[in-house]
Amino acid sequence: MTIPELSGVHPAWLPPEAFRAIGSRRTLVLGDDVLADTVRAEVAHACARYGGTLHDDRDGAYDLVLAQDPEAGVGPEGFVLSRRDGATTVVAGGPAGLLYGLFEVVRRGEAAFGADLPAEAHRPALRRRMLDHWDNIDVHPVMGQVERGYAGGSIFWRDGGPRDLTRVRAYGRLLAACGINAVAVNNVNVHATEARLLTDRLGEVAAIADELRPYGIRVHLSVNFASPVALGGLATADPLDDGVRAWWARTTERVYETIPDFGGYVVKADSEGQPGPFAYGRDHADGANMLADALAPFGGVVHWRAFVYDHRQDWRDRSTDRARAAYDHFAPLDGRFRDNAILQVKNGPIDFQVREPVSPVIAAMPDTRLAVELQVTQEYTGQQKHVCYLAPMWREVLGFRPWGPDGRTVADVATELVAVSNVGDDPYWTGHPLAQANLYAFGRLAWAPGLDPADLLDEWIGLTFPVAGDPGRLRRVLHEIMDGSWRTYERYTAPLGVGFMVRPGHHYGPDVDGYEYTPWGTYHFADRDGVGVDRTRATGTGFTGQYPKPWSDVYESPAECPDELLLFFHHVPYGRVLHDGTTVIQHIYDTHFAGAEQAAAMRDRWEKAAGDVPPELHARVRELLDEQVRSAREWRDQINTYFFRKSGAADAHGRRIY
Ligand code: GCV
C-alpha cells in the first residue's frame with residue numbers, strides 16, 4: 001500500500017506537515033488487516049519524511065502505540081486515546097478504530113505528545129457517515145457532469161469512461177481523516193449510461209471500491225427503480241412481481257460476487273421524473289423492501305429517499321403544499337420498512353434552502369431507520385463562489401429537539417448522516433478553497449454531532465494551513481470571514497425563511513418571481529400587502545400540524561414563531577412587527593444592506609491574509625470574493641427593489657433603493 005501523493009492537487013487538510021509530529025517519533029503499530037496495513041503505511045510515509053521509525057515488536061519503548069483490542073468497549077470504529085509515561089497509546093476496538101485513532105493523533109499534532117492524558121474514549125455517534133456524489137459518467141447537457149457540482153468534473157469518470165483513479169485513493173484518505181465511511185458514487189437521478197453501473201459497467205464501481213477500501217470506506221450505488229425493464233428486458237418493475245424480485249436478487253448477488261464489501265443501493269423514486277413504485281399502484285415501503293430483501297443476504301442496505309413531491313403542481317392551487325409531501329407520503333408507512341431499509345430525509349421539508357425548519361418526517365417515524373441528508377455542495381448557498389461555512393446550520397439541525405427542550409435531538413433520532421458531496425476534479429477539490437471546510441466539518445459532525453462549528457473550523461485551519469506566515473493572524477482572519485458566513489449569506493439572500501427566490505434552473509443569483517408561477521411548488525406569495533406562505537392549521541395548508549408539540553403550536557402562532565422562519569409559516573403584512581421591534585419590510589431592507597456590506601468586509605479581511613497562505617490560493621479566494629461582493633449587491637438591490645415596489649414602504653434610513 002502506497003500513500004497517494006498528487007502533484008498539482010491541493011492536499012486539503014492532509015498536507016505532509018500535518019504528519020510531522022507522528023513522523024518524527026518511534027511508533028509501534030499492531031494488527032494484520034487491510035486497515036492496519038494502511039496505518040503502517042501512513043506512519044512509514046511520515047517517518048520517511050521526518051526521520052521517525054515504525055516498529056512491529058511489542059518489546060521496546062515507543063512514543064506512540066497503535067493497537068487493537070476488541071475488548072476495548074468502544075465498538076469496531078472507536079478507540080481509546082491516552083498518554084502516560086512518555087507514551088501515547090491508541091487502543092482501537094477494531095481495524096477502523098485504528099485508522100480513526102491515527103487521524104485523531106494527526107489532528108492533535110505535537111499536543112498528542114505533550115502532557116499526560118487520562119484515557120479518552122472516542123466512538124462515532126452515527127454508524128454510517130456517508131457522502132452522496134451526484135456524479136454522472138456522461139456530461140449531462142443541462143446539469144454538466146456533476147449535478148449541482150461546482151468544482152469541475154467527476155473524480156470518478158471522464159469523457160464517458162472511467163478515469164485514472166489515483167486521486168480517488170487520496171480522496172478516501174481525506175474522507176477517513178474526517179470520519180466518513182461510505183460513499184455513493186453516482187447521481188440519484190440515474191440516467192441510461194449510469195444505470196449500467198449495476199450490470200455491465202459494475203467493474204467501474206469495483207475499481208473505485210478498491211481505491212477506497214484501504215481507508216475504510218464502503219461503496220454504494222444509486223440505482224434506477226426501472227432497471228428490471230431498462231436493463232433486464234422485463235415487462236414490469238412492479239416490486240411485488242416475482243420475476244422482478246428474482247431479477248434484483250440475481251443482480252445483487254452478482255454485485256456482491258464482484259464487490260464483497262459493497263454497501264448497498266441509493267434510490268430516488270417517484271421524484272422529479274425518476275421511476276418508482278407508484279406506477280404499479282404500490283407504495284414506497286413495497287419498493288424499498290423489495291431492494292432491502294435483495295440486499296439482506298449480503299448485509300447490504302438500501303437508502304430510500306423521502307424527497308417525493310409533486311413537481312407538476314398548479315401555482316394557482318394554494319392548498320397543495322410541497323412542504324407537506326414527504327410526511328404525507330412516508331409517515332403512514334412507519335413500521336413497514338425492513339431493518340436494512342433506511343429512509344433518507346432531507347434536513348428541511350422543501351429542498352436545502354438557506355433557512356428551513358427541520359423536516360417533520362424526522363419526528364414522525366419512530367419505527368423506521370432514518371438517515372438525515374444534508375447538502376454540502378452549495379446549490380442554494382452560493383455555489384462555491386460564495387464563502388458560506390455551513391457547519392453552524394448543520395449544528396442547529398442536529399441539535400434541534402423535535403419534542404421540545406427535554407426531548408431527544410435530531411442527532412439522537414437519526415441512525416445515519418448523509419450529505420451531497422461538494423467535490424470535483426478541481427485542483428482545490430471543492431472549487432472554492434474555503435469550501436473544503438464544509439466537507440471536513442460534515443464528516444466531523446457526523447462523528448460527533450455536538451462539536452462546536454468554530455472549534456471545527458479551528459481544527460480545519462490548523463491542519464490545512466500549518467506553516468502559514470502568521471498563524472495567529474490567519475486564524476483570526478478566517479474566523480472573521482467564515483464563522484458567520486452562513487448568516488451573512490442568509491441576510492443578503494433569503495429573509496425570514498423565504499426560499500427559492502433564485503434563478504430557475506441553475507439556482508444562482510436572485511430572481512424573486514423566477515419560481516412564482518412555475519409547477520415546482522416553491523412560492524413566496526408576495527403581493528402589495530404582504531409576503532410568506534400560510535402553513536397554519538387555522539387558515540393555511542396545515543403543515544404546522546405535522547410537528548409534535550411544542551413546535552406544532554409554536555409554528556402555528558405568528559407571535560411565537562421564530563422570526564427567522566416567520567415567512568416560511570405565515571403570510572404577514574409588511575408592517576408586521578418582529579420580536580426585535582423592526583417591521584418585516586424594514587428587516588428586509590436592513591438585512592440586505594447589512595449582508596452586502598458584510599460580504600465587502602470579508603473581501604477586505606482576506607487582504608490581511610495575503611502572505612499567510614500560498615499566493616495562488618490567495619488569488620483564487622480573492623477572485624471569488626470579488627464575485628461574492630458583486631452578487632451580494634445584486635441580491636440586495638433586486639430584493640429591496642422588488643419589495644419596495646410591491647409594498648411602497650420607504651426605507652426608514654432613506655438608503656438607495658431602485
Ligand atoms: C439530484 C434538487 C436539485 C436536483 C436534485 C434534487 C434531489 O431538486 O435541484 O438537482 O437532483 O434536489 O435531491 O434529488
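Note that ligands are numbered from 1 as they come in the structure, with each ligand's atoms numbered from 1 the same way.
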Those residues that, when tested against Ala288, pass side-chain contact (heavy atoms from CB on, under 4.5 Å) (two or more places apart): Trp304, Phe337, Ala341
Under a 4.0 Å threshold between the charged nitrogen and the carboxylate oxygen, would Arg620 count as salt-bridged to Glu623? no
Residue pairs meeting salt bridge (Lys or Arg N to Asp or Glu O under 4.0 Å), one or both in residues 507-520, sequence neighbours left out, come to Arg503-Asp511
Atom CZ of Arg336: over 12 foreign heavy atoms under 6.0 Å: yes
Would you call the rings of Phe307 and Tyr309 parallel, tilted or perpendicular, where under 30° means parallel and over 60° means perpendicular? tilted
Got a sec, which residues hit side-chain contact (heavy atoms from CB on, under 4.5 Å) with Val244, two or more places apart in sequence or on another chain? Pro228, Leu234, Thr236, Asp241, Trp248, Met290
Heavy-atom cut-off of under 4.0 Å around ligand 1: list whichever protein residues fall inside it, by chain and number. Trp134, Glu147, Arg148, Asn187, Val188, Asn189, Lys268, Glu272, Arg305, Phe307, Lys346, Asp351, Glu379, Tyr380, His507
